[in-house]
A.B. asks: 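Right, I'll just put the structure down here and ask away after.
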Amino acid sequence: QVQLVESGGGSVQPGGSLRLSCVASGFDFSEYGMNWYRRPPGKEREFVAYIRRGGGTKYIDSVKGRFTISRDNAKNTMYLEMNSLKAEDTAVYYCNMNLDYTDYWGEGTLVTVSS
């Protein structure tokens, strides 16, 4: 059924960049909005960004101007381009969507920003 698989995490120095990917299957990807969440170490999961089925986007204030969410419906894939990374961005990043009032989550991919 619904399956979400993240990739692209890794270790990077402050100021560096990473691109995360989320490959989706089990539903009509083009008809649903998609979300990125993250869980910093020792903190609760928090919303990061979403992209509507039509392409509109929303970001939390702390990542505006640095992160870009996008989607490629032909590849059933959502992306998160992260630039000017800070230590505070260190977290496990999760792909998420809601179908029939149920949340679906990927396994998560770890991003570590340190010098």
Side-chain angles (χ1 to χ4, degrees):
Q1 283 296 127
V2 174
Q3 188 170 349
L4 306 171
V5 181
E6 303 97 333
S7 63
S11 182
V12 65
Q13 294 185 337
S17 299
L18 285 172
R19 188 181 74 161
L20 307 183
S21 299
C22 171
V23 178
S25 61
F27 63 100
D28 192 338
F29 179 77
S30 67
E31 294 187 357
Y32 292 88
M34 300 290 296
N35 310 289
W36 284 103
Y37 283 75
R38 67 185 181 187
R39 187 188 298 276
K43 299 182 179 180
E44 296 184 357
R45 179 200 295 155
E46 67 178 353
F47 168 81
V48 177
Y50 75 75
I51 183 165
R52 303 182 184 92
R53 58 186 290 183
T57 60
K58 173 72 175 180
Y59 304 88
I60 56 171
D61 288 343
S62 61
V63 308
K64 288 180 179 177
R66 300 188 299 119
F67 290 13
T68 302
I69 188 172
S70 62
R71 65 192 297 159
D72 185 340
N73 289 340
K75 297 181 178 180
N76 287 350
T77 302
M78 175 179 65
Y79 303 96
L80 186 67
E81 181 71 38
M82 305 183 295
N83 299 312
S84 301
L85 283 162
K86 306 175 180 179
E88 305 89 83
D89 296 316
T90 295
V92 178
Y93 284 73
Y94 298 92
C95 181
N96 163 265
M97 65 89 68
N98 186 275
L99 190 151
D100 293 335
Y101 303 101
T102 298
D103 279 316
Y104 293 88
W105 300 89
E107 65 219 86
T109 185
L110 177 63
V111 172
T112 301
V113 185
S114 65
S115 57

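Treat the numbers as computed from the prediction; the structure is a model and nothing was measured. We count residues from 1, following the sequence as given.
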A.B. asks: Just by distance, do the side chain of Thr90 and the backbone of Val113 share a donor-acceptor pair under 3.5 Å?
C.D. replies: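 Indeed, once roles are kept as given, a pair shorter than 3.5 Å links the two residues.
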A.B. asks: Nearest 0.5 angstrom please: Glu107 CD to Leu4 CG, how far?
C.D. replies: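 Taking CD in Glu107 and CG in Leu4, the distance rounds to 9.5 Å.
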A.B. asks: Report the distance from atom SG of Cys22 to atom CG of Asn96, rounding to the nearest 0.5 Å.
C.D. replies: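 Separation between the atoms: 9.0 Å.
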A.B. asks: On a heavy-atom basis, which atom in Met82 and which in Val111 lie closest, and how many Å separate them?
C.D. replies: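 What the structure gives for the nearest pair is CE-CG2, 3.8 Å.
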A.B. asks: Looking at every non-hydrogen atom in both residues, tell me the closest pair between Ser115 and Pro14 and how far apart they are.
C.D. replies: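 Looks like N-CD, 3.9 Å.
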A.B. asks: Between Arg52 and Tyr50, do the side chains contain an N or O donor and an N or O acceptor separated by less than 3.5 Å?
C.D. replies: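 Side-chain D/A pair, Arg52 to Tyr50: present.
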A.B. asks: Looking only at the aromatic ring of each residue, does the gap between the centers of Phe27 and Tyr32 stay below 6.0 angstrom?
C.D. replies: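 Yes.
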A.B. asks: Taking all heavy atoms of Ser21 and all of Thr77, pick out the closest pair and write down the distance.
C.D. replies: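 Result for this residue pair: CB-CG2, 4.3 Å.
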A.B. asks: Return the OH to CG distance between Tyr94 and Asp103, rounded to the nearest 0.5 Å.
C.D. replies: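 It comes to 14.0 Å.
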A.B. asks: Quick one: do Met34 and Tyr79 end up in the same hydrophobic cluster if we chain Ile, Leu, Val, Met, Phe, Trp and Tyr together by side-chain heavy atoms under 4.5 Å apart?
C.D. replies: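 Looking at the clustering, Tyr79 is in a separate group from Met34.
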A.B. asks: Within this structure, what is the CG-OG distance for the pair Asn76 and Ser30, rounded to the nearest 0.5 Å?
C.D. replies: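 Asn76 atom CG to Ser30 atom OG measures 8.0 Å (nearest 0.5 Å).
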A.B. asks: If you group Ile, Leu, Val, Met, Phe, Trp and Tyr by side-chain heavy-atom gaps below 4.5 Å, do Phe47 and Met97 land in one group?
C.D. replies: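 Yes, because Phe47 and Met97 connect within a single hydrophobic cluster, where side-chain heavy atoms sit under 4.5 Å apart.
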A.B. asks: Do the side chain of Glu6 and the main chain of Cys95 share a donor and acceptor less than 3.5 angstrom apart?
C.D. replies: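 Pair found, side chain donor or acceptor close to backbone of Cys95.
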A.B. asks: Between Phe67 and Tyr93, what is the ring plane arrangement, given parallel below 30°, perpendicular above 60°, and tilted in between?
C.D. replies: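 Judged by the thresholds at 30° and 60°, the geometry between Phe67 and Tyr93 is tilted.
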A.B. asks: What's the shortest heavy-atom distance between Ile69 and Tyr59, and which atoms?
C.D. replies: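 Result for this residue pair: N-OH, 2.9 Å.
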A.B. asks: Out of curiosity, does Val5 fall in the hydrophobic cluster containing Tyr104 (side-chain heavy atoms, cut-off under 4.5 Å, transitive links)?
C.D. replies: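 Looking at the clustering, Val5 is in a separate group from Tyr104.
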A.B. asks: Can you name the closest pair of heavy atoms from Ser17 and Asn83 and give their distance?
C.D. replies: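 Ser17 and Asn83 have their closest heavy atoms at OG-OD1, 2.9 Å.
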A.B. asks: So how far is it from Thr109 OG1 to Leu18 CG, rounded to the nearest 0.5 Å?
C.D. replies: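 Answer for the OG1-CG pair, Thr109 versus Leu18, is 9.0 Å.
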A.B. asks: Are Leu20 and Arg38 close enough that some pair of their side-chain heavy atoms sits under 4.5 Å apart?
C.D. replies: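 Side-chain contact under 4.5 Å: no.
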A.B. asks: First locate atom CD of Gln13, then atom CG of Leu85, and finally report the distance between them rounded to the nearest 0.5 Å.
C.D. replies: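 So the CD of Gln13 and the CG of Leu85 are separated by 11.5 Å.
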A.B. asks: Would a single hydrophobic cluster contain both Val23 and Ile51, if residues Ile, Leu, Val, Met, Phe, Trp and Tyr are joined by side-chain heavy-atom contacts under 4.5 Å?
C.D. replies: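 No; Val23 is not reachable from Ile51 via cluster members.
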A.B. asks: Determine whether a donor-acceptor pair (N or O, by modelled atom type, separation under 3.5 Å) exists between the side chain of Arg71 and the backbone of Phe29.
C.D. replies: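 Checking the backbone N and O of Phe29 against the side chain of Arg71, a donor-acceptor pair under 3.5 Å is found.
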A.B. asks: Charged N to carboxylate O under 4.0 angstrom, Lys64 versus Asp61?
C.D. replies: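 Yes, charged N to carboxylate O under 4.0 Å.
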A.B. asks: According to a 4.5 Å side-chain heavy-atom criterion applied to Ile, Leu, Val, Met, Phe, Trp and Tyr, with indirect links allowed, do Trp105 and Met78 form part of one hydrophobic cluster?
C.D. replies: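 Linked within one cluster.
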